[in-house]
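The block underneath contains the structure these notes are about, expressed in structure tokens.
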2 protein chains.
Amino acid sequence: MKNISNAVIKRLPRYYRYLDELRANGVERISSGDLSRMMNVTASQIRQDLNNFGGFGQQGYGYNVNYLFEEIGSILGLDKEHRMIVVGAGNLGQAIANYANFDKRGFKIVALFDSNHELIGKKTRNGEIKDIEEVYDFVKTENIEIVALTLPKEPATEIAMKLLDCGVKAFWNFAHTDLEVPDNVIVENVHLSESLMELTYKLSEQSQVGK
Amino acid sequence: MKNISNAVIKRLPRYYRYLDELRANGVERISSGDLSRMMNVTASQIRQDLNNFGGFGQQGYGYNVNYLFEEIGSILGLDKEHRMIVVGAGNLGQAIANYANFDKRGFKIVALFDSNHELIGKKTRNGEIKDIEEVYDFVKTENIEIVALTLPKEPATEIAMKLLDCGVKAFWNFAHTDLEVPDNVIVENVHLSESLMELTYKLSEQSQVGK
DNA sequence: ATTAGATTGTCAAATTATTCACAAGCATAC
DNA sequence: GTATGCTTGTGAATAATTTGACAATCTAAT
């Protein structure tokens, strides 16, 4: 399989979101030109991106919204169920666990774990919060694919290293650190403070306009 | 001022994080070569990136960690205080408000707002959660620069549009929608579900290795 | 003071990503 | 059934980004 560039992958979820909206509004077909105007990108980029995965469109017609939506979903792996746990059941962990749309996309949050005894036992949509000590046996027996790490960097690093031995294939990492993992393990970082710093960069740049 | 590419900006917070750690460990100087090995990037890229903003290093010596840390901080606008509010005081909003490190970087979370009467009045580190109806007067009188939108897309869009008229200069947008704002207003998006989709793309790609 | 070694800043080359442009081919109206 | 108009897929051109290479020059050892 041809290697797809990261720039393309990063754009797919946005296409998926727009197609979902079009679908919800009963739109049956869309041309790259119309979609490009909606999304503020070039039509050429849309066509080029989609062509990495095959010809989904038809000359003189455009793309079938439903079909393209399903195809992109399948490219993104959303046609399969993904069993996840959340490690760190503070506000952020609970926010993720409670986010209903993940369910809709095939993400099953099977359990939450924490080391804080005030949280352990607390009921959530996804069952009672479990003791972090149980997490290693849990992932071995429950076939867990993705671990969301929503806790400070020191425990996150330590726990992630131990979880590697338990067969976890992917981390969704909210801790402010770069996890070091073998090549066959995926790490997707969400560094909120970095995103906020990009924002303040743009703010100070903005305040210089014309200077 | 020369226009700096987005690719460069996105890397600055990571440099900043590594420099902060070096500083905390008492490291005084660092060469682009050593830093490149720590960070898994090329030394050339580090030098090229930094040179967009001026010559911070010295031949035969490298970079002074403290000085470079401060300089990057100032480029990112972290030398100034930024007054923020959080709109949507659910788990995600509270997670952001409670994140202590933001304070350290000059982000002052002045208040939280919500429309849910069960949340209004609840005490947090940043004062009682206020009624969303009060937000418009609040930003006008309290000189608010950044609004974090941690609520579903429909109310997020509606409230953001009204806040534009109140002089808000930047949105940190967690809602799953692309806000449409004038050119002089900044939107920084954090689309969690899109990040999770990138992860599952990589997972399915991974499972194909060698096929 | 001199010298050997290290490391930057920067120019040029290589690579990657985006946009342009158009032939090929389908849809639709007549 | 034919003609017109639309829209894709794709090869080529352009633009942006990353990497390589090295002269200039600083540090530090003797």
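Chain letters run A, B, ... following the sequence lines, proteins first and then strands; every chain starts at 1.
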Starting at atom [atom1] of [X], determine the distance to atom [atom2] of [N], rounded to an integer number of angstrom.
| X | N | atom1 | atom2 | value |
| --- | --- | --- | --- | --- |
| N64(B) | dA6(C) | CG | P | 21 Å |
| I46(A) | dT10(D) | CD1 | C1' | 16 Å |
| R37(B) | dA6(C) | CZ | P | 12 Å |
| N40(A) | dT19(C) | CG | P | 12 Å |
| N52(A) | dT16(C) | CG | P | 14 Å |
| N6(B) | dT18(C) | CG | P | 12 Å |

**Report entry** Pair of N/O donor and acceptor under 3.5 Å linking dT27(D) base with Q58(B) side chain
**Finding:** no

Query raised in the report: If you take atom types as modelled and just measure distance, does the side chain of Q48(B) reach the base of dT10(C) with a donor-acceptor pair under 3.5 Å?
Result: no

Query raised in the report: How do G60(A) and T42(A) order along DNA chain C: which one's closest nucleotide is nearer the 5' end?
Result: T42(A)

Query raised in the report: Where does the angle between the aromatic ring planes of F107(B) and F102(B) fall among parallel (under 30°), tilted (30 to 60°) and perpendicular (over 60°)?
Result: perpendicular

Measuring from the side chain of [X] (C-beta onward, heavy atoms only), which nucleotide among [options] has the closest atom?
| X | options | result |
| --- | --- | --- |
| N51(B) | dT8(C), dG9(C), dT19(D) | dG9(C) |
| R29(A) | dA24(D), dA27(C), dA17(C) | dA27(C) |
| Q59(B) | dT8(D), dT8(C), dA17(C) | dT8(C) |
| R47(B) | dT8(C), dG9(D), dT19(C) | dT8(C) |

Requested in this report: Report, as yes or no, whether the 6.0 Å neighbourhood of atom CD on E142(A) holds more than 12 heavy atoms from other residues, nucleotides or ligands.
Outcome: yes

Report task. Please say whether more than 12 non-hydrogen atoms of neighbouring residues, nucleotides or ligands are located less than 6.0 Å from CG in D183(A). Result -> no

Query - Angle by which the axis turns from one end of the helix from dA1(C)-dT30(D) to dC30(C)-dG1(D) to the other, five pairs per end, to 10 degrees - result: 20°

Report task. Give a yes-or-no answer on whether the side chains of Y18(B) and D178(A) include a donor-acceptor pair shorter than 3.5 Å. Result -> yes

Query raised in the report: S44(B) near the nucleic acid: base, sugar-phosphate alone, or nothing, with a heavy-atom cut-off under 4.0 Å?
Result: base

